[in-house]
Visitor: 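Input: one structure, supplied below.
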Amino acid sequence: MKIVGKKLEIEIKGWVYKKRSSGKIRFLIIRDGTGILQGTIYSPKKDNPLFKKFDELTQESSLIIRGLVREEKRAPGGYELNINDINIIQIAEEYPITPKEHGIPFLMEHRHLWLRSQKQNAILQIRTELIKAIRDFFDGRGFRNMDTPILTPSACEGTTTLFETEYFGQKAYLSQSGQLYNEAAIAAFGKVYCFGPTFRAEKSKTRKHLIEFWMVEPEVAFALLDDIIKLGEDLIIYIIERILDKNKKELDILERDTKVLERIKKPFPHITYEKAIAKLNEKGSKIKWGDDLGSPEETLISEIFDSPVCLTHFPAKIKAFYMQPDEERPDLVLGVDILAPEGYGELIGGGQRISDLALLEKRLKEYNLPRKAFEWYLDLRKYGSVPHSGFGLGVERVLSWICKIKHIRETIPFPRLLHKIYP
RNA sequence: UCCUCGGUAGCUCAAUAGGUAGAGCGGGUGGCUGUUAACCACUAGGUUGGGGGUUCGAGUCCCUCCCGGGGAGCCA
């Protein structure tokens, strides 16, 4: 809702957000999908026909109103509409979501209506800007967009649980990553990214996990670990700057302290896995070299800094089969996890990929993966293999952190959660 | 999957020790000086998640199932 000039007659098509009345004056707050505006009807006569229409209106009734806009300090937003005409489209039935407090189970059951509330609207407004920023970032740097398949014949990484489906009598799985396909595409296009939904059938039930989420995955030929870390840092900075610029109003509705975001500068602090383990032990954690960092450990590390942190050089055995080993320390791999501040978890996971055919073949065996399914992937190491790197960034993780939302379920219009697929 | 907490009116919650199920909001009706989660009065609204058990008597105790919140592992 945009208002220009001091006095002008406008028409608003929307829904009743709230209403109040008091003797000779009625207040009607309406929303049109872009914002809210307060309208008033004043009349000394009780039988004013507009009063009658106003009285019929219920919360979320749809309507078209016309009136004169003017500045009004007492109104929310600083502007107010003198209503001249109300055209009722539909009188809404008793609306379940009242202006009072509601519990999470109730709101989740009514997610289709919850989307209309101001806070949810603000989060999803930022989401669309975030997605646009991601595309602009990669498009502006000469990346080609590859739409990798959602139906896949086998596991990309082989470790996590996949959703199984049927594909003309053959088993198929919903994609958990487009990375392997991107690795094929870079030999054709140099720099690519895929951006789409990702499915993980893990039985995870935390504020950081969705069963279905959106991920952007860039992959770059000839890029080494350091190159891809820089790309990740640039991307995160770009996203933050864009949202601070375009979504002031929404961040304000969410009461997000933007100073924390404004302070973030690149390069982010870097810390190796080994140093992280030492730091954690100092802080009293019982984690041992070779253990993967759990959620409490990730939070501890992220709390040391007030910026995202790049964690690098992990033990090979806790990472995926395709990770490139460090030349000097073959027990470590050239991987990177970028952890969000404030305990929001992993924003980015990626690294340098194995480019040597023999080593990749060895790793497939060690990880017990069926060679047949990976023949095409091995081919990439036969015909002009190059060092290359890439990462995946989870849209909802970044959004939860930027908005400082308690739970990731509010960062996607219709979240898919463990055992929950309604609505 | 495991640990933990919970399920009472449309919603958010209360109900001493096992003893007649209640409030606020929302709905309806009426009132009201420009209200900001407006306010005031009146009013309707219940198989206390399902099943079983103990008891003279169960929202309350026991068993069991279902559903949900929070956390863990795994990950982005």
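Below, read A as the first sequence line, B as the second, and so on, with proteins coming before strands; counting in each chain starts at 1.
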Visitor: What does A:Gln38 touch in the nucleic acid at a heavy-atom separation under 4.0 angstrom: a base, only the sugar-phosphate, or nothing?
Guide: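 Base contact.
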Visitor: Base of B:rC67, side chain of A:His419 - is there a donor-acceptor contact under 3.5 Å?
Guide: no
Visitor: Show me the pairs that pass ring pair (Phe, Tyr, Trp, His ring centres under 6.0 Å) and involve residues 123-151 of chain A, at least two apart or across chains.
Guide: A:Phe137-A:Tyr238, A:Phe138-A:Phe143, A:Phe138-A:Tyr193
Visitor: Pairs under 3.5 angstrom only: tabulate donor-acceptor contacts from the side chains of residues 340-353 of chain A to other protein residues two or more places apart or in another chain.
Guide:
residue	atom	partner	partner atom	Å
A:Glu342	OE1	A:Lys404	NZ	3.1
A:Glu342	OE2	A:Arg256	NH2	3.2
A:Tyr344	OH	A:Ile405	N	3.4
A:Tyr344	OH	A:Ile405	O	3.0
A:Gln352	OE1	A:Leu225	N	2.9
A:Arg353	NE	A:Glu219	OE1	3.4
A:Arg353	NE	A:Glu219	OE2	3.0
A:Arg353	NH2	A:Glu219	OE1	2.9
A:Arg353	NH2	A:Gly390	O	3.2

Visitor: When A:Gln38 is tested against each of A:Arg20, A:Glu72, A:Arg74 for side-chain hydrogen bond (donor to acceptor under 3.5 Å, both in side chains), which residue passes?
Guide: A:Arg20
Visitor: Does A:Arg20 contact B:rC32 through a side-chain donor or acceptor facing the base, at a distance under 3.5 Å?
Guide: no
Visitor: So what does A:Leu210 hit on the nucleic acid, given a heavy-atom distance under 4.0 Å: a base, only sugar-phosphate, or nothing?
Guide: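 Result for A:Leu210 = base.
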Visitor: What pairs with A:Phe268 under ring-ring contact (aromatic ring centres under 6.0 Å, His included), at least two apart in sequence or on another chain?
Guide: none
Visitor: Indicate, with a heavy-atom threshold strictly under 4.0 Å, whether A:Ile348 touches base, sugar-phosphate, or nothing.
Guide: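 It contacts sugar-phosphate atoms only.
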Visitor: Measure from the ring center of A:Tyr181 to the ring center of A:Trp376 and say whether it is less than 6.0 Å.
Guide: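 Yes; A:Trp376 has its ring centre under 6.0 Å from that of A:Tyr181.
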Visitor: So A:Glu298, base contact, sugar-phosphate only, or nothing? Heavy-atom distance under 4.0 Å.
Guide: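 Base contact.
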Visitor: With heavy atoms under 4.0 Å as the rule, sort A:Ile318 into base, sugar-phosphate or nothing.
Guide: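 The answer is nothing, as A:Ile318 stays clear of every strand by at least 4.0 Å.
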Visitor: Test for a donor-acceptor pair under 3.5 Å between the base of B:rG68 and the side chain of A:Lys420, counting only N and O atoms.
Guide: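 Answer is no: no donor-acceptor pair is held.
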Visitor: I'd like a table of donor-acceptor pairs (distance under 3.5 Å, sequence neighbours excluded) in which one partner is a side-chain atom from residues 292-299 of chain A, with atom names and distances.
Guide:
residue	atom	partner	partner atom	Å
A:Ser295	OG	A:Lys208	NZ	2.9
A:Glu297	OE1	A:Gly294	N	2.7
A:Thr299	OG1	A:Ser295	O	3.0

Visitor: So what does A:Asp292 hit on the nucleic acid, given a heavy-atom distance under 4.0 Å: a base, only sugar-phosphate, or nothing?
Guide: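 Counting heavy atoms under 4.0 Å across all strands, the contact made by A:Asp292 is with sugar-phosphate only.
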Visitor: I'd like a table of atom pairs between the protein and nucleotides 4-11 of chain B - only N or O on both sides, under 3.5 Å - with the distance next to each one.
Guide:
residue	atom	partner	partner atom	Å
B:rC11	O2'	A:Glu101	O	3.2
B:rC11	O2'	A:His102	ND1	2.6

Visitor: What stem regions, each of at least 3 consecutive Watson-Crick or G-U pairs below 3.5 Å, can be found for RNA chain B?
Guide: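 Runs of three or more consecutive pairs: B:1-7 with B:66-72, B:10-13 with B:22-25, B:27-31 with B:39-43, B:49-53 with B:61-65.
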